[in-house]
Colleague: 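Below is a structure I'd like to ask you about.
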Amino acid sequence: MIADVQSKAGIEIILAFKGFAMWSTFPLIRLYLKGATASSLNEARLCFEEMKTKAHLYSPVYFENEFTELMKYSSHIVFNSFSQYDKFYPEIKKSGFDISCGIRVNPEYSDVKTDLYNPGRAGSRLGVGSDEFPDRLPEGIDGIHFHVLCESDSYSLEKVLENLEKKFGKYLHQIKWINMGGGHLMTRKGYDHNHLIKLLQNFKKRYRLKVILEPGSAIAWDTGVLVSTVQDIVEHKGVKTAILDVSLTAHMPDTLEMPYRPVIAGATEPGINSKYLYRLGGVSCLAGDYLEEYDFGHELKRGDKIIFNDMIHYTMVKTTMFNGIKHPIIAIWTEDDKLKIIREFTYEDYKNRLS
Ligand SMILES: Cc1ncc(COP(=O)(O)O)c(C=O)c1O
């Protein structure tokens with residue numbers, strides 16, 4: 001599907017590592033996507049070493065002591081402000097690396113409802129507003145980048161583009177490429193691909209630009225589960241909690257932060273007649289490390305498996321070792337139906353993050 005959009009719309013789609021960076025899968029991803037977008041030196045290096053290509057880079061700021069190495073791993077560098085651009089562009093020019101520079105803009109429109117995930121809101125630190133733009137873009141800026149969508153459809157992108165053209169239209173004639181960020185959930189059921197393709201084709205006709213999209217979630221949407229086991233059942237004032245061997249805060253932080261309610265295999269949302277309601281409790285000592293009740297339709301007992309669906313994106317990349325809790329094992333179901341263990345975590349992994 002992603003490859004189809006790419007070829008029909010005549011655009012480039014790259015993977016946002018911040019959403020999914022399971023590098024053992026990169027050989028498969030590279031069959032379809034040319035590269036990745038990185039937001040730090042570590043991600044850029046991972047792209048260079050494991051995707052075997054240079055990264056499109058964006059970060060709110062870059063650090064002087066990392067910049068020389070960053071340039072080695074990057075084909076595109078997007079700046080968050082003109083002051084960052086003024087600071088680092090001379091180094092790029094001097095370096096002789098073939099790097100194309102861009103500036104991130106705030107299109108001043110987004111229909112993302114959760115503030116934590118809305119970079120388009122007024123006062124956002126991410127991207128330059130239209131009022132702060134000079135009449136002509138400074139020498140050396142080849143591209144414009146924006147990112148204001150989150151799990152969105154193509155109709156939201158259409159509204160963002162309308163606003164972008166209103167606010168930044170004249171600059172679109174001064175550049176070579178535009179990177180429309182992530183949040184394009186084109187692998188979700190019901191996404192209108194034909195609309196996206198037409199929208200992008202028309203945009204390209206108007207501005208003759210190379211168009212890049214950099215989704216994270218869409219690349220790994222609904223591709224894997226997190227399997228946990230009930231260790232104990234506790235009850236307090238009529239509330240039953242199944243305590244698991246995983247932690248929401250350490251392993252699935254979006255379930256608390258976003259907040260995002262995961263789908264659990266075999267469980268439903270509570271109804272008025274639900275008899276078998278259980279909270280799902282994490283193994284950390286954080287009081288809020290639990291999910292509100294689900295209806296399991298039967299009594300839960302020690303040893304039962306609780307399977308969290310769609311747990312690949314924004315999980316592995318966000319985990320912590322809070323409380324020293326062991327990371328879940330990472331494994332792949334192979335095409336010939338075998339479970340291949342990719343990585344198990346040890347005491348050394350925990351210890352090496354501390355000193
Ligand atoms: C600049 C940028 N690009 C791409 C993405 C990926 O977004 P998504 O995983 O929603 O597609 C993000 C997510 O925060 C982002 O900040």
Side-chain angles (χ1 to χ4, degrees), residues 1-2 5-6 11-22 25 29 32-44 46-47 51 55-62 70 74-81 84 101-107 109-121 124-128 143-154 156-157 160 164 177-188 191 193 196 200 211-224 252-255 257-260 310-318:
M1 179 53 66
I2 291 173
V5 169
Q6 204 166 215
I11 60 156
E12 188 170 318
I13 299 181
I14 56 178
L15 163 67
F17 276 179
K18 67 192 83 199
F20 177 70
M22 184 179 168
T25 66
I29 286 174
Y32 304 97
L33 307 185
K34 276 211 191 112
T37 179
S39 37
S40 61
L41 177 58
N42 284 338
E43 286 188 353
L46 190 70
C47 183
M51 264 215 164
H56 290 235
L57 191 68
Y58 162 75
S59 171
V61 291
Y62 298 109
L70 267 181
S74 308
S75 60
H76 295 68
I77 299 185
V78 173
F79 295 92
N80 189 53
S81 66
Q84 279 278 296
C101 295
I103 188 92
R104 175 163 174 170
V105 302
N106 178 353
Y109 172 85
S110 169
D111 58 8
V112 175
K113 298 287 177 290
T114 312
D115 268 356
L116 186 64
Y117 292 91
N118 182 4
R121 66 185 190 268
S124 168
R125 75 189 194 291
L126 304 172
V128 184
I144 279 183
H145 164 56
F146 68 82
H147 168 79
V148 285
L149 297 176
C150 179
E151 300 189 358
S152 305
D153 60 23
S154 57
S156 292
L157 176 62
V160 174
L164 181 88
W177 52 264
I178 181 160
N179 177 329
M180 299 184 182
H184 316 278
L185 198 44
M186 60 186 88
T187 44
R188 175 153 58 191
Y191 189 99
H193 302 100
L196 175 69
L200 295 174
V211 173
I212 303 155
L213 304 188
E214 49 174 41
S217 303
I219 309 297
W221 193 253
D222 231 351
T223 55
M252 301 165 262
D254 275 356
T255 60
E257 267 178 26
M258 190 127 163
Y260 152 70
D310 193 17
M311 272 298 154
I312 292 274
H313 51 97
Y314 292 101
T315 50
M316 293 179 208
V317 287
K318 279 187 131 182

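Values reported hereafter were calculated over all heavy atoms of this structure, with side chains retained and with hydrogens, waters and symmetry mates removed. Note that ligands are numbered from 1 as they come in the structure, with each ligand's atoms numbered from 1 the same way.
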Colleague: Which atoms of ligand 1 sit under 4.0 Å from any heavy atom of Arg104?
Modeller: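 Near Arg104, meaning under 4.0 Å from one of its heavy atoms, ligand 1 has 1 (C).
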
Colleague: Which of the numbered atoms in ligand 1 are below 4.0 angstrom from a heavy atom of Pro215?
Modeller: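 Near Pro215, meaning under 4.0 Å from one of its heavy atoms, ligand 1 has 11 (O).
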
Colleague: Taking both backbone and side-chain atoms of Glu214, is any N or O found less than 3.5 Å from an N or O belonging to ligand 1?
Modeller: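 Yes.
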
Colleague: Gly183: heavy atom below 4.0 Å from ligand 1, yes or no?
Modeller: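 For ligand 1, residue contact (heavy atoms, under 4.0 Å) with Gly183 is present.
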
Colleague: Would you say the side-chain atoms of Lys318 pair up with the backbone N or O of Met316, donor to acceptor, closer than 3.5 Å?
Modeller: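 Looks like no, no N/O pair under 3.5 Å.
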
Colleague: Tell me, yes or no, whether the heavy-atom count around Tyr32 atom OH, taken from other residues, nucleotides or ligands under 6.0 Å, exceeds 12.
Modeller: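 Counting other residues, nucleotides and ligands, OH of Tyr32 stays at 12 neighbours or fewer.
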
Colleague: Does any N or O atom in Glu151 lie less than 3.5 angstrom from one in ligand 1, N or O only?
Modeller: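 Among all N and O atoms of Glu151, none is under 3.5 Å from an N or O of ligand 1.
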
Colleague: Considering the heavy atoms of His145, write down every atom of ligand 1 situated less than 4.0 Å from one of them.
Modeller: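 Per the distance check, 1 (C).
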
Colleague: Does His147 approach ligand 1 within less than 4.0 angstrom via side chain, backbone, both or neither, non-hydrogen atoms only?
Modeller: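 Side chain only.
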
Colleague: In terms of atom number and element, which parts of ligand 1 are under 4.0 angstrom from non-hydrogen atoms of Ser217?
Modeller: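 Here the atoms of ligand 1 in question are 8 (P), 9 (O), 10 (O), 11 (O).
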
Colleague: Is it true that Tyr191 and His193 have ring centroids separated by less than 6.0 Å?
Modeller: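 Between His193 and Tyr191, which both carry aromatic rings, the centre distance is below 6.0 Å.
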
Colleague: If every non-hydrogen atom of Gln6 is compared with every non-hydrogen atom of Ile13, which pair is closest and at what distance?
Modeller: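 The answer is OE1-N, 2.8 Å.
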
Colleague: Parallel, tilted or perpendicular: which describes the rings of His76 and His56, with under 30° parallel and over 60° perpendicular?
Modeller: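 Answer is parallel, since the angle falls under 30°.
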
Colleague: So, does Ser59 use its side chain to make a donor-acceptor pair with the main chain of Tyr62 at under 3.5 Å?
Modeller: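 It does not hold such a pair.
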
Colleague: What residues, two or more places apart in sequence or in another chain, satisfy ring-ring contact (aromatic ring centres under 6.0 Å, His included) together with His313?
Modeller: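 For His313 the ring-ring contact (aromatic ring centres under 6.0 Å, His included) partners, ignoring immediate neighbours, are Trp221.
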
Colleague: Please list the nearest protein heavy atom to atom 9 (O) of ligand 1 with its residue and the distance rounded to 0.1 Å.
Modeller: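 I find the closest protein heavy atom is Tyr314 OH, 2.6 Å.
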
Colleague: Is ligand 1 under 4.0 Å from a heavy atom in the side chain of Tyr117, in the backbone, in both, or in neither?
Modeller: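 Tyr117 to ligand 1: no contact under 4.0 Å from either part.
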
Colleague: Would a 4.5 Å heavy-atom cut-off, applied to side chains only, mark Lys18 and Val317 as touching?
Modeller: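 A side-chain contact is absent here, since even the closest heavy-atom pair is not under 4.5 Å.
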
Colleague: Which atoms of ligand 1 are found less than 4.0 Å from any heavy atom of Gly216?
Modeller: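 Once the distances to Gly216 are compared, the set is 6 (C), 8 (P), 9 (O), 11 (O).
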
